[in-house]
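Heads up: the structure comes next, in structure tokens.
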Amino acid sequence: MNDILDFGLDDLSPVDDDSEEAMEALWAGDLTVLSQHHTTLNGSHSFVLAHDRSVTWGIPGAPQLVAIAVARDLRQSTFTFETSHHATASFAQNWLAERGCPLERIALHGGDYIKPADEITLQVEQQIQKSGTRYEVLDTYTSDDNPSEAWTLVNDSQATQAPVRLFYEEWNHGAGTYTMREGAFPDVGVAQTWLDERSEPLPEPPEYSDHNGAVVRARIALSRSAGTSPTPQTGHDAPRASAAVPVQRAVQGRLL
């Protein structure tokens, strides 16, 4: 894990107010760099995926991962600076990829990172990473407590059925692994009811199944072989409402 963050902007000026505000809103001391990529041609672009520790002192449930994209115009001595917060790494990687970063350059692997528990998790993450602008993010939540989870609620522009999708990530700190699952709902209200109650398994997208159910059976077999539940079975009292008063919470540990 590389925790050194230096964009080399000392001799450059922000191209607009948005870039200046985005840069000033981040404190390098609050960031733990998880992955970064800098282009070699004149050092013109930088892409960073980091954990923002300051968020853990703020509103509970706020996304703790920040994606940063910097583009330099060395001839004009200017730069653009963009940031975007995300609940899960795969959505942050998608955002960076949309701004020109090769996915393989911003991948998380090796070191102290928590590992995907099964093949399904890898497949769902790759689907998100390569989705382009397919998903419109509606809401996110991150919990450091029990259950340790993060989710992203989206509208899927390519779905012909159940277009509201929930990407649900749950961590097993004892095993050093996490799972990612995709759920499908007809509308936001039904998805929010599931999040509040957790009384039924996460409903799988219709396209997961073929006519004889082979795809579903294969996914269940994979998840069972990895020792995980094919759908999250968290308790009814899982926290999701954001509190108005900032509180101190433990640093989110799903990636570290």
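Residue numbers run from 1 in the order of the sequence given. Worth knowing before you read on, the calculation uses all heavy atoms, side chains too, and leaves out hydrogens, waters and symmetry mates.
- Partners of F47 by ring-ring contact (aromatic ring centres under 6.0 Å, His included), not counting sequence neighbours: none found.
- Side chains of Q36 and S46 form no contact here, defined as non-hydrogen atoms less than 4.5 Å apart.
- Following chains of ILVMFWY side-chain contacts shorter than 4.5 Å, one cannot reach V15 starting from L74, and the two form parts of different hydrophobic clusters.
- Note on Y168: it clusters hydrophobically with V188, by side-chain heavy-atom contacts below 4.5 Å among ILVMFWY residues.
- With hydrogens and angles ignored, the 3.5 Å screen pairs no side-chain donor or acceptor of T177 with any backbone N or O of A117.
- Considering only heavy atoms from C-beta on, H86 stays 4.5 Å or farther from T142 through its side chain.
- Here E136 pairs with nothing under the side-chain hydrogen bond (donor to acceptor under 3.5 Å, both in side chains) rule; sequence neighbours left out.
- In this structure, the side chains of T88 and M180 come closer than 4.5 Å at one or more pairs of heavy atoms.
- V137 meets the side chain to side chain contact (heavy atoms under 4.5 Å, CB included) test with F91, T140, T152, V154; sequence neighbours excluded.
- The nearest pair of heavy atoms linking P205 to A184 is CA-CB, 3.5 Å.
- Within the 4.5 Å cutoff, the side chain of R72 has heavy atoms near those of the F7 side chain.
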ask   = Could you walk me through whether H85 and T83 pass the side chain to side chain donor-acceptor pair (under 3.5 Å) check?
value = CA-CA 7 Å; H85 279 81; T83 64; 5.3 Å; no

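- Remark: F79 pairs with no residue by the ring-ring contact (aromatic ring centres under 6.0 Å, His included) rule, at least two apart or across chains.
- Remark: L31 CG to S54 OG distance equals 7.5 Å, nearest 0.5 Å.
- A pairwise comparison of heavy atoms in A87 and A150 identifies O-CB, 3.6 Å as the closest pair.
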inquiry  = What verdict does the side-chain contact (heavy atoms from CB on, under 4.5 Å) test give for T179 and W171, after you've listed the backbone C-alpha separation in whole Å, the side-chain angles of each residue and the deciding distance to 0.1 Å?
reply    = CA-CA 7 Å; T179 57; W171 320 304; over 6 Å; no

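- Looking only at distances, a side-chain donor or acceptor of T39 sits under 3.5 Å from a matching main-chain atom of H45.
- For E98, there are no salt bridge (charged side-chain N to carboxylate O under 4.0 Å, His left out) partners at least two apart in sequence or on another chain.
- In this structure, K130 NZ and S90 OG are separated by 13.0 Å, a value rounded to the nearest 0.5 Å.
- Considering every non-hydrogen atom in both S35 and A107, the closest pair reads OG-O, 3.3 Å.
- At distances below 3.5 Å, at least one donor-acceptor pair connects side-chain atoms of W194 with backbone N or O atoms of E200.
- The closest side-chain donor-acceptor pair between D145 and S143, if any, does not fall under 3.5 angstrom.
- A distance-only check finds a donor-acceptor pair linking the side chain of T193 to the backbone of G189 [under 3.5 Å].
- In this structure, the side chains of Q93 and L103 come closer than 4.5 Å at one or more pairs of heavy atoms.
- Separation of atoms CG (N94) and SG (C101) is listed at 11.5 Å; rounding is to 0.5 Å.
- The line from CG of L49 to CG of L34 is 5.0 Å long, rounded to the nearest 0.5 Å.
- Partners of R99 under the salt bridge (charged side-chain N to carboxylate O under 4.0 Å, His left out) rule, at least two apart in sequence or in another chain, are E82.
- For T121, the side-chain hydrogen bond (donor to acceptor under 3.5 Å, both in side chains) partners two or more places apart in sequence, or in a different chain, are D118, R181.
- Every salt bridge (charged side-chain N to carboxylate O under 4.0 Å, His left out) that D156 has, sequence neighbours left out, goes to R134, R165.
- Donor-acceptor pairing under 3.5 Å is lacking for the side chains of D139 and Q192.
- Here S13 pairs with nothing under the side-chain hydrogen bond (donor to acceptor under 3.5 Å, both in side chains) rule; sequence neighbours left out.
- Judged purely by atom type and a 3.5 angstrom limit, D11 has no side-chain atom pairing as donor or acceptor with the backbone of S77.
- Taking 4.5 Å as the limit, some side-chain heavy atom of I128 sits within range of a side-chain heavy atom of V124.
- Partners of Q76 under the side chain to side chain contact (heavy atoms under 4.5 Å, CB included) rule, at least two apart in sequence or in another chain, are D73, T78.
- Applying the salt bridge (charged side-chain N to carboxylate O under 4.0 Å, His left out) test to pairs two or more places apart or on separate chains, none has a residue in residues 84-97.
- To the nearest 0.5 Å, atoms CH2 (W95) and CG (L65) are separated by 13.0 Å.
- Ring geometry for Y135 against F167 counts as perpendicular: the plane angle is over 60°, on a 0 to 90° scale with 30° as the lower cut.
- Contact check on R198 versus E149 returns a salt bridge, with a Lys/Arg side-chain nitrogen under 4.0 Å from an Asp/Glu carboxylate oxygen.
- Taking the side chain as every heavy atom from C-beta outward, V190 and V164 never approach each other to under 4.5 Å.
- For T80, the side-chain hydrogen bond (donor to acceptor under 3.5 Å, both in side chains) criterion is met by no residue, not counting sequence neighbours.
- Residues L202 and F185 have side chains in contact (heavy-atom distance under 4.5 Å, counting atoms from C-beta outward).
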inquiry  = Between E182 and Q127, is the side chain to side chain donor-acceptor pair (under 3.5 Å) condition met? List the steps.
reply    = CA-CA 10 Å; E182 178 184 4; Q127 175 181 314; 3.1 Å; yes

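- For the atom pair CD (E125) and CD (Q123), the distance works out to 11.0 Å, reported to the nearest 0.5 Å.
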